[in-house]
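If you're wondering where the values come from, they're calculated on a predicted model, not measured in any experiment. Lettering follows sequence order; numbering is per chain, from 1.
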Number of protein chains: 2
Amino acid sequence: MEPVARPPLRDEIRDVLVEGMISGRWGPGDRIVERRLAAELQVSQAPVREALRELEALRLIESAPNKGARVRGFTPADLREVYQVRAGLEETATRLGGPSVPALRAHVARMHEAAAAGSLDGQVRHLVGFHREIVTASGNAVLASVWESLGIEVWTHVSIRLFRMRPHENAADHEPLVEAFDRGDPEVGRLLRDHVLGYAP
Amino acid sequence: MEPVARPPLRDEIRDVLVEGMISGRWGPGDRIVERRLAAELQVSQAPVREALRELEALRLIESAPNKGARVRGFTPADLREVYQVRAGLEETATRLGGPSVPALRAHVARMHEAAAAGSLDGQVRHLVGFHREIVTASGNAVLASVWESLGIEVWTHVSIRLFRMRPHENAADHEPLVEAFDRGDPEVGRLLRDHVLGYAP
DNA sequence: TCTCATCATATGATCGATCATAGGGTGTTT
DNA sequence: AAACACCCTATGATCGATCATATGATGAGA
């Protein structure tokens, strides 16, 4: 038990940045000025820098020495690279451990609901949740952490907003996968891989 | 052209730490005290902290709030997780682009030479080089960077030193792979995957 | 006007100092 | 002796200030 233990400032700052990138406050190419952000958040420059280092490792921002940080731009080709890696990781995950089929069904149902309610945000959240269930169910923590490090959630939000992608059709696309997991189809890994590659522009 | 542009201090500090972990100066579980290291390197605490954040993202150290950083310990089970991910990544790489067979042969030759000369360090360097050639040849920069983020090189050095693993037999193990790449064997991905999984304890 | 050197400003990089927390030691109370 | 509260030290977290670099503005000279 440790009910007090506040999280370090740098973590809150990192979350502010991530949230800002999701909401569109900072878009690709935008400069992130350490001192301005520090002043706005009423903190000093140091924890801001540390948060930026973290986001750099997550490939969400890029920075050059003495030039500062900016939100990473990305081309469709870059996105394709990410999806290729992600597809491989998720295929690997299916070889290590099967996900909970009820959990998958729940995410699909929520995706449908969110689509009906017109909630882009909800759709993305459960779309990501569906795939996250697969990687965490692998039981391989390294795999899960590498998958997270691709920044799937943020990039999905950002690319939907920037490219005006329509995730409506996604919910239905997932049902064949659920069925394949349910019947223990040995081809499910390949199916999943092709499914993920299908996201790529 | 930018012949001057010194690298940021934090990068040098990070390299010192990595080198120290490879050389055995810091072993798993060892505490890394920010102020002591800063004093020793004649720098201040800030860049040391930033270097530690980077190494944390690379999973080379772990840290808890207000508790400080220590070199990550790892069990054979942890290593197995890393190798499973790595095997999947390298298999994915073979689907995206074939490596240079001459380059692979060169690495194998150097592995043999290093083994003959009794140079553990040389063996590891070319062992890693062999696999790095495969992932970089995929042409997918994200894949390569994720692969690097597993800290393959450091962990290979460390586990050989700690577990007294003998890499002598490794050079020969790679020849079937080279041949498979050379003849364009469609099974090379699976072969490579099994090869990498074979490293796991 | 064009070119280039100089300088001013903004900002990243680093520093030294302070604040806050964790862990261990010590003494007091029972 | 055991339990507990208190304090002390080491150290991580954060701050405010300074140093160093990059970028754009200014103006002299051709």
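Nucleotide D:dA10 holds its P atom 10 Å from the CZ atom of B:R36, rounded to whole Å.
For B:F181, the ring-ring contact (aromatic ring centres under 6.0 Å, His included) test picks out no residue, with sequence neighbours left out.
With respect to A:R59 and A:E148, no salt bridge is recorded, no charged nitrogen being found less than 4.0 Å from a carboxylate O. Taking 4.0 Å as the cut-off between side-chain N and carboxylate O, A:R86 and A:E81 do not count as a salt-bridged pair.
Within 4.0 Å of B:I32, counting heavy atoms only, lie sugar-phosphate atoms of the nucleic acid but no base atom.
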Does the protein touch nucleotides 13-18 of chain D at the base, only the backbone, or not at all? Give it as B, S and - per nucleotide, heavy atoms under 4.0 Å. BBB-BB

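Defined by atom type and a distance below 3.5 Å, a donor-acceptor pair is present between the side-chain atoms of A:H195 and A:H174.
In this structure a side-chain-to-backbone donor-acceptor pair under 3.5 Å is missing from A:E90 to A:V196.
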